[in-house]
Amino acid sequence: VKVILEIHCEIFIYSIDIMIIHNIFLDVGLKPLSERSDWLKNIEENKKIHPEAEFILWDDEKVNNLIDTKFPQYKQMIFTFKHKFYLIDFIRYLILKEYGGIYMDLDTRMKQRLPENIKFLHGGAYAKEGINNNIISLPPDYIEKLLNFCCEEYNRITENDLYKTMPGRRFINSVSAGMFGRFCKRNNIVSDVNFRDYWWDSECISWVGLVNKRDYCKSVKLGCPPEV
């Protein structure tokens, strides 16, 4: 009887189509999340847009437990990461492999509800046609391909002497947006929705270091949340 109940329970869980949205906040020696009112506001507003969704905030404890219990095979690679920002990018792929759903950076805020039956999502930023890994949703077989590609690119780039003098490019092109953009282009992945139509994004500001956020957002037609 116990076995039958467990089987029925598992079937019941997977028959319900629940949107899962993942956020990550790891301690990198800067402000704690409790002092990031902008990011907390984003979480609050995103929950208003999709109140039915399950939001999961991944902290250091959850991330370490996920690696230890589900992905110990990546520990050796993770140990070689130059700083925790590598892990913040890499762990989102592992989270999506294990749990599915949608990954969203904490500095992104939704403008409107996503349509149903989304299959592919990728983010964007300062470049009009750019692809970013600040928003990700992919079918399971693509996540597996993405993980393999990321590991290959990480090994290739970290062994390249040219990148040893360019730590920023090494990071972006091995585990972050540059790597993800190449993966999407090689696999002909196009987001089912236009990033700018569905999200505000402050990341583009931090990347180029501009002070006048509202003017910059207007210049790239991203728009800003009202309080920016």
Are Ile102 and Ile20 side-chain neighbours, meaning at least one heavy-atom pair lies under 4.5 Å?
no

So, the side chain of Arg109 versus the backbone of Trp200: is there a donor-acceptor pair under 3.5 Å, distance only?
no

Lys/Arg N to Asp/Glu carboxylate O, Glu152 vs Arg156, below 4.0 Å
no

With ring pair (Phe, Tyr, Trp, His ring centres under 6.0 Å) as the test, would you mind laying out the steps for Tyr142 and Phe120 before giving the verdict?
CA-CA 10 Å; Tyr142 281 83; Phe120 295 102; 5.1 Å; yes

Less than 4.5 Å apart, any side-chain heavy atom of Phe195 and any of Ile131?
no

For Leu106, which fellow cluster members are found when Ile, Leu, Val, Met, Phe, Trp and Tyr are connected by side-chain heavy-atom distances below 4.5 angstrom, either directly or through intermediates?
Phe25, Leu33, Trp39, Leu40, Ile43, Leu57

Arg92 and side chain to side chain contact (heavy atoms under 4.5 Å, CB included): which partner among Leu87, Asn23, Ile24?
Ile24

Check whether the side chains of Asn160 and Arg170 place a donor and an acceptor atom closer than 3.5 Å, and report yes or no.
no

Using a cut-off of 6.0 Å, state whether more than 12 heavy atoms not belonging to Gln76 lie near its atom CD.
no

Would you indicate whether the side-chain heavy atoms of Glu153 and Phe183 approach each other to under 4.5 Å?
no

Checking Asp105 side chain against Thr108 main chain: does a donor-acceptor pair fall under 3.5 Å?
no

Between the side chain of Ser137 and the main-chain N/O of Gly101, is any donor-acceptor distance below 3.5 Å?
yes

Apply ring-ring contact (aromatic ring centres under 6.0 Å, His included) to Phe55 and list each qualifying residue two or more places apart in sequence or on a separate chain.
none

Residues at least two apart in sequence or cross-chain that pass ring-ring contact (aromatic ring centres under 6.0 Å, His included) with Phe90, listed by chain then number, are Tyr74, Phe81

Using the rule that two of Ile, Leu, Val, Met, Phe, Trp, Tyr join whenever any of their side-chain heavy atoms come within less than 4.5 Å, decide whether Phe79 and Leu147 are in one cluster.
no

Validation row: Leu114, Leu121 side chains within 4.5 angstrom (heavy atoms)
yes

With a 3.5 Å distance limit and no angle check, can you tell me whether Arg169 reaches the backbone of Leu162 through a side-chain donor-acceptor pair?
no

With distance as the sole test, does Arg182 use its side chain to make a donor-acceptor pair with the main-chain N or O of Asn173 at under 3.5 Å?
yes

Side-chain donor-acceptor pair under 3.5 Å between Asn134 and Tyr103, yes or no?
no

Tell me whether Gln73 at atom CD has more than 12 heavy atoms from other residues, nucleotides or ligands lying less than 6.0 Å away.
yes

Can you list everything that forms a side-chain contact (heavy atoms from CB on, under 4.5 Å) with Glu98? Sequence neighbours excluded, please.
Leu66, Lys70, Phe71

Group every Ile, Leu, Val, Met, Phe, Trp and Tyr by side-chain heavy-atom contacts under 4.5 Å, then state whether Ile157 and Ile88 land in the same group.
no

What's the verdict on salt bridge (Lys or Arg N to Asp or Glu O under 4.0 Å) for Asp27 and Lys84, showing C-alpha distance, side-chain angles and the deciding distance?
CA-CA 8 Å; Asp27 181 8; Lys84 196 176 279 188; 5.7 Å; no

Closest approach of Leu138 to Phe180 (non-hydrogen atoms, all atoms of both residues)
CD1-CE1, 4.3 Å

Quick one: CH2 on Trp58 to CG on Asn64, what's the gap to the nearest 0.5 Å?
11.0 Å

Using a 3.5 Å distance criterion without hydrogens, assess whether the side chain of His122 forms a donor-acceptor pair with backbone atoms of Asn132.
no

Within a 6.0 Å radius of atom CD on Glu116, are there more than 12 heavy atoms belonging to other residues, nucleotides or ligands?
no

State whether Asp59 and Lys62 are salt-bridged, where the test is any N-O pair (Lys NZ or Arg NE/NH1/NH2 against Asp/Glu carboxylate O) under 4.0 Å.
no

Quick one: pull up OH in Tyr154 and CD1 in Ile78 and give me the separation to the nearest 0.5 Å.
10.0 Å

Quick check on side chain to side chain contact (heavy atoms under 4.5 Å, CB included): which of Lys48, Met104, Lys47, Glu45 does Met110 satisfy it with?
Met104

Taking the side chain as everything from C-beta on, heavy atoms only, tell me whether Lys164 gets closer than 4.5 Å to Asp161.
yes

Would you say the side chains of Asn133 and Asp89 form a donor-acceptor pair under 3.5 Å?
yes

Report the residues that fulfil ring-ring contact (aromatic ring centres under 6.0 Å, His included) with His83, sequence neighbours left out, ordered by chain and then residue number.
Phe85, Tyr86, Phe171

Determine whether Met19 and Ile118 make a side-chain contact, defined as any pair of heavy atoms from C-beta on separated by less than 4.5 Å.
no

Can you see which heavy atom on His22 is nearest to which on Gly100, and at what distance?
NE2-O, 2.7 Å

I'd like to know whether Arg196 forms a salt bridge (Lys or Arg N to Asp or Glu O under 4.0 Å) with Asp201, so could you lay out the CA-CA distance, the side-chain angles of the two residues, the decisive distance to 0.1 Å, and finally the verdict.
CA-CA 8 Å; Arg196 300 180 186 190; Asp201 179 29; over 6 Å; no

Test item: Ile172 and Met179 side chains (from C-beta on) under 4.5 Å apart, heavy atoms
no

Under a 4.5 Å cut-off applied to non-hydrogen side-chain atoms, are Glu144 and Lys97 in contact?
yes

List for me each residue that meets side-chain contact (heavy atoms from CB on, under 4.5 Å) alongside Pro72, sequence neighbours excluded, and say none if there are none.
none

salt_bridge(Lys75, Asp68) N-O dist < 4.0 Å:
yes

Tell me if a side-chain donor or acceptor on Asp192 pairs with a main-chain N or O of Lys119 at a distance below 3.5 Å.
yes

For the OG atom of Ser174 and the CG atom of Asn155, what is their distance to the nearest 0.5 Å?
10.0 Å

Note: Tyr93 and Val175 closest approach over all heavy atoms is OH-O, 2.7 Å

